[in-house]
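Since this is a predicted model, take the numbers as computed values, not measurements. Indexing begins at 1, ligand by ligand and atom by atom, following the structure's order.
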Amino acid sequence: MQKLAELYSGKAKTVYATDDADRVIMHFRDDTSAFDGQKIVQLARKGMVNNKFNAFIMGKLAEAGVPTHFDRLLSDNESLVKKLEMIPIECVVRNIAAGSLCKRLGTPEGTELSPATLEFFLKNDALHDPMINEYHIRSFNWATDAEVERMKDLTFRANYVLKTIFLEADILLVDYKLEFGRFHGEVVLGDEFSPDGCRLWDAATRKKLDKDRFRQDLGNVIEAYEEVARRLGVDLTSSAP
Ligand code: ADP
Ligand code: UDP
């Protein structure tokens with residue numbers, strides 16, 4: 001597998017072309033950003049931890065029947081993935097109220113949401129990722145109705161699997177964001193699942209073990225990610241595929 005030109009560099013990852021037109025390399029950097037990139041810091045080991053964490057979770061989701069872009073780990077910071085035509089929508093599932101939902105609806109943080117709720121956001125930093133609904137998606141042609149149904153189905157299927165995995169590690173899956181793309185006509189889970197894109201609380205103490213530690217300057221950000229990885233049984237030591 002040959003690494004070719006850089007295709008895109010986002011806030012946390014860089015995507016490279018390969019000699020296979022259907023595959024790209026995702027490089028997980030140590031850059032950590034919040035508030036639409038206004039706050040950016042380098043956190044040692046973050047790229048490595050998120051790369052391996054993501055590999056572990058994508059494996060679990062694939063086992064549960066969620067098609068993902070993940071192929072294999074290439075190194076500490078790189079994974080080989082299917083090249084997707086990304087759908088510019090963030091699918092957020094919430095099991096417990098936190099973050100922007102609390103601000104928008106005045107709900108106290110920690111309120112259980114039963115059943116879990118789902119929200120769509122447009123992936124657009126300049127517009128601060130505004131919340132959108134299915135009518136917007138249809139009118140602006142961001143995705144077809146069939147694709148929206150599939151994204152909803154896969155996002156909730158992921159919730160069932162992941163809530164269980166985290167709970168077995170005494171962790172509450174509060175909320176998370178998924179991004180999908182198209183691969184030869186099929187809707188496939190892309191991007192990453194790591195503590196950067198979800199909220200995870202210790203089940204007993206409700207201690208935050210995710211990116212809110214960075215957003216809220218709580219300290220020990222990567223130590224918390226590593227703690228989650230350890231509890232889940234993610235192997236952070238081996239660097240080879
Ligand atoms: P952002 O663009 O939000 O700053 P990142 O730094 O994580 O995010 O950059 C990764 C970029 O790569 C994102 O825009 C994401 O949509 C895109 N991406 C994720 N998975 C794939 C894939 N399999 N194929 C092509 N692009 C992808
Ligand atoms: N999220 C994300 N990327 C975004 C926006 C949100 O990964 O651009 C994740 C975030 O980490 C949380 C969930 O989606 O797990 C819901 O985020 P929320 O809408 O509460 O936004 P926030 O206030 O955290 O930006």
Side-chain angles (χ1 to χ4, degrees), residues 6-18 20-40 46-47 50-51 54 58 67-71 77-105 107 109 113 116-132 142 155 158-159 162 166 172-184 186-201 208-216 221 225:
E6 178 181 316
L7 294 177
Y8 176 79
S9 192
K11 296 187 292 295
K13 301 191 288 299
T14 306
V15 177
Y16 296 90
T18 70
D20 179 344
D22 271 343
R23 295 288 182 284
V24 289
I25 293 173
M26 269 193 342
H27 179 108
F28 288 71
R29 309 194 309 272
D30 286 343
D31 295 335
T32 312
S33 74
F35 313 119
D36 299 323
Q38 284 175 44
K39 176 175 170 180
I40 304 177
K46 197 202 74 150
N50 279 3
N51 185 33
N54 176 61
M58 290 279 170
T68 88
H69 68 158
F70 184 80
D71 262 7
N77 286 66
E78 290 178 320
S79 286
L80 186 68
V81 301
K82 295 184 181 73
K83 183 180 184 178
L84 306 185
E85 180 198 339
M86 295 306 291
I87 297 171
I89 294 169
E90 300 185 336
C91 303
V92 171
V93 162
R94 301 178 185 274
N95 296 305
I96 299 174
S100 72
L101 179 88
C102 296
K103 281 192 209 133
R104 200 180 331 120
L105 300 180
T107 319
E109 183 182 81
L113 302 171
T117 198
L118 181 143
E119 296 171 344
F120 295 116
F121 296 88
L122 180 66
K123 206 172 145 56
N124 185 321
D125 280 342
L127 298 176
H128 310 294
D129 294 349
M131 192 170 148
I132 53 172
W142 288 314
T155 303
N159 195 35
L162 298 180
F166 283 112
L172 298 174
L173 178 59
V174 173
D175 59 29
Y176 59 90
K177 180 264 302 177
L178 298 182
E179 289 180 31
F180 294 88
R182 305 177 183 98
F183 187 73
H184 298 293
E186 191 196 1
V187 173
V188 170
L189 177 64
D191 205 50
E192 69 177 278
F193 189 104
S194 74
D196 267 6
C198 64
R199 289 192 169 90
L200 302 168
W201 294 351
K208 295 180 195 318
L209 300 169
D210 54 69
K211 198 177 181 179
D212 271 352
R213 299 203 69 80
F214 174 70
R215 293 189 188 97
Q216 300 172 8
V221 180
Y225 288 22

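When non-hydrogen atoms are compared, ligand 1 lies under 4.0 Å from the backbone of Lys11 as well as from its side chain. Using a 4.0 Å cut-off between heavy atoms, Glu90 contacts ligand 2 through its side chain alone, with no backbone atom that close. Contacts with ligand 1 closer than 4.0 Å are made by side-chain heavy atoms of Val81 only, the backbone lying farther away. For Lys123, no heavy-atom contact with ligand 2 is shorter than 4.0 Å. Contact annotation: for Lys13 versus ligand 1, heavy atoms closer than 4.0 Å belong to both the backbone and the side chain. For Asp129, every heavy-atom contact with ligand 2 shorter than 4.0 Å involves the side chain, none the backbone. Contacts between Asp191 and ligand 1 below 4.0 angstrom, taking non-hydrogen atoms only, involve backbone and side chain alike.
The distance from ligand 2 to the heavy atoms of Arg199 drops below 4.0 Å at these ligand atoms: 12 (C), 15 (O), 16 (C), 17 (O), 18 (P), 20 (O), 22 (P), 23 (O), 24 (O). Every atom of ligand 1 with a heavy atom of Val15 under 4.0 Å away is listed here by number and element: 12 (O). For ligand 1 and His69, the ligand atoms under 4.0 Å from any heavy atom of the residue are 20 (N), 22 (C), 23 (N). Contact atoms of ligand 2 toward Val92: 14 (O), 16 (C) (distance under 4.0 Å to a heavy atom of the residue). Those atoms of ligand 2 with a heavy atom of Cys198 less than 4.0 angstrom away are 11 (O), 15 (O).
Ser194 and Asn54 form no side-chain donor-acceptor contact under 3.5 Å, judged by distance and modelled atom types alone.
Salt bridge Arg199/Asp175: present, at least one basic N to carboxylate O contact under 4.0 Å.
Within the 4.0 Å heavy-atom cutoff, Gly181 does not count among the residues contacting ligand 1. Heavy-atom distances between Lys123 and ligand 1 reach below 4.0 Å in at least one pair. Taking a 4.0 Å cut-off on heavy atoms, Asp196 registers as neighbouring ligand 2.
Annotation: Arg215 places an N or O atom under 3.5 Å from an N or O atom of ligand 2; distance criterion only. By the 3.5 Å distance cut-off applied to N or O atoms, Tyr8 is counted among the residues near ligand 1. Residue Glu192 has no N or O atom closer than 3.5 Å to an N or O atom of ligand 1. Inclusion of Val24 in the set of residues having an N or O under 3.5 Å from an N or O of ligand 1 is not warranted. The N/O atoms of Glu119, backbone and side chain alike, include none that comes under 3.5 Å of an N/O atom in ligand 2.
Nearest heavy-atom pair, Asp129 versus Asp36, reported as atom, atom and distance to 0.1 Å: OD2-OD1, 4.5 Å.
Judged by distance alone, the side chain of Asn95 and the main-chain N or O of Ala116 form no donor-acceptor pair under 3.5 Å.
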